[in-house]
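This report concerns only the one structure given below.
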Amino acid sequence: MKTRTFSFALKKTLPIMLGFSFLGITYGLYMHQLGFNFLYPTLMAMTIFGGSVEFIIANLLTKAFNPWSVFFLALIVNSRHIFYSISMLERYRGAGWRKPLLIFGLCDETFSINYATELPDDIDKDNFYLYVTMLNYFYWVFGAFLGGVFGSLINVQLDGLDFVMTALFIVIFVDQILREKDHFSSRTGFLIALTCLFIFGDTIFLPISMLIMIIIFYVQYRRTGGIAS
């Protein structure tokens with residue numbers, strides 16, 4: 001049953017492998033261009049496993065040391081995981097020794113697969129959740145490692161690589177707009193971020209604007225029973 005469960009999990013995560021491998025390699029190359037050897041993106045991917053947060057922290061490592069700013073920024077950016085974890089409480093109940101790994105490895109893609117997949121009767125539920133979590137974790141870490149190594153071996157400066165995270169968020173934002181019904185979330189986020197940028201400047205506007213957005217979306221959730229699209 002374990003072999004069947006692993007094969008099923010591998011099949012479900014193959015699309016994630018392609019995306020994580022590409023982004024992980026990009027992240028490793030980006031870290032190299034900032035002046036860090038391959039150990040930094042590899043260890044950061046292994047210990048942080050935060051996707052966009054790792055790109056942000058990579059840039060912050062080149063600036064003056066400000067741990068509180070990093071802490072609150074990472075907390076706000078990844079605060080969505082609170083809602084993921086609440087949704088997975090029942091599914092992860094009884095996972096035993098697997099639970100710490102499932103909690104640590106919970107990310108957007110892992111949540112999507114583990115929450116939405118209808119499991120056949122011959123698939124072990126707890127092992128499937130674990131395999132999906134660990135496979136996605138491996139894809140990201142190995143991609144970051146490869147990017148760091150390639151950056152060390154290939155002495156090429158890729159102009160504009162530092163724009164990759166901005167480009168990624170633009171693509172995600174456009175895709176979100178196309179999927180939305182009334183654009184409440186997009187309009188709210190854009191206006192709040194722009195206002196905070198003018199009021200607070202480019203140093204601290206991001207955590208402040210995200211905190212305000214969380215409050216507004218929570219109020220909207222309580223008022224309507226769900227966050228508007």
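From a predicted model like this one, the values you see are computed outputs, not experimental measurements.
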Flag side-chain contact, heavy atom, 4.5 Å: Phe8 against Thr13: no
Gap between atom CG of Asn127 and atom OG1 of Thr5 - 0.5 Å precision: 6.0 Å
Partner residues of Glu90 under the salt bridge (Lys or Arg N to Asp or Glu O under 4.0 Å) criterion, sequence neighbours left out: Arg93
Phe49 backbone acceptor or donor facing Glu54 side chain under 3.5 Å: yes
Flag for Thr110-Asn136: side-chain donor and acceptor within less than 3.5 Å: yes
Pairing residues for Tyr115 by the side chain to side chain contact (heavy atoms under 4.5 Å, CB included) criterion, not counting sequence neighbours: Ser87, Met88, Arg91, Phe111
Side-chain touch Leu61/Met44, heavy atoms, less than 4.5 angstrom: yes
same_hphob_cluster(Leu89, Val132) at 4.5 Å side-chain heavy-atom cutoff: no
Geometric class of the Phe104/Tyr137 ring pair [parallel <30°, tilted 30-60°, perpendicular >60°]: perpendicular
Close side-chain approach of Asn59 and Tyr30, heavy atoms under 4.5 Å: yes
Heavy-atom side-chain contact between Tyr27 and Leu23 under 4.5 Å: no
Euclidean distance, Leu191 CG relative to Ile212 CD1, rounded to 0.5 Å: 12.0 Å
Spatial distance of atom CZ (Phe55) from atom CG (Leu34) [nearest 0.5 Å]: 10.5 Å
Pro15 vs Leu18 side-chain heavy atoms within contact, under 4.5 Å: no
Closest non-hydrogen atom pair, Ile16 against Ile113: CG1-CD1, 3.9 Å
Nearest heavy atoms of Ile208 and Cys196, plus distance in Å: CG2-SG, 4.1 Å
Gly28 versus Pro41, closest heavy-atom pair with distance: CA-CB, 4.0 Å
Shortest non-hydrogen contact from Gly94 toward Lys99: N-NZ, 4.3 Å
Distance, nearest 0.5 Å, that separates OG1 of Thr26 from CG of Leu146: 11.5 Å
Check: Thr117 and Phe128 side chains under 4.5 Å, non-hydrogen atoms: yes
His32 and Asn37, any side-chain heavy atoms less than 4.5 Å apart: no
Within 6.0 Å of CZ in Phe36, more than 12 heavy atoms from elsewhere: yes
Candidate pair Glu109 and Phe20, rule side chain to side chain contact (heavy atoms under 4.5 Å, CB included), full reasoning: CA-CA 10 Å; Glu109 294 76 12; Phe20 270 19; 3.2 Å; yes
Whether Phe6 and Tyr131 hold their rings parallel, tilted or perpendicular, with breakpoints at 30° and 60°: perpendicular
Atom pair CG (Leu130) and CZ (Arg98), whose distance is rounded to the nearest 0.5 Å: 6.5 Å
Pairwise distance CG(Leu60) to OG1(Thr62) - rounded to 0.5 angstrom: 7.5 Å
4.5 Å side-chain heavy-atom contact, Ser85 and Ile103: no
Side chain to side chain contact (heavy atoms under 4.5 Å, CB included) between Thr133 and Leu101, intermediate numbers included: CA-CA 8 Å; Thr133 302; Leu101 296 174; 5.7 Å; no
Residues Asn114 and Tyr92: side-chain donor-acceptor under 3.5 angstrom: yes
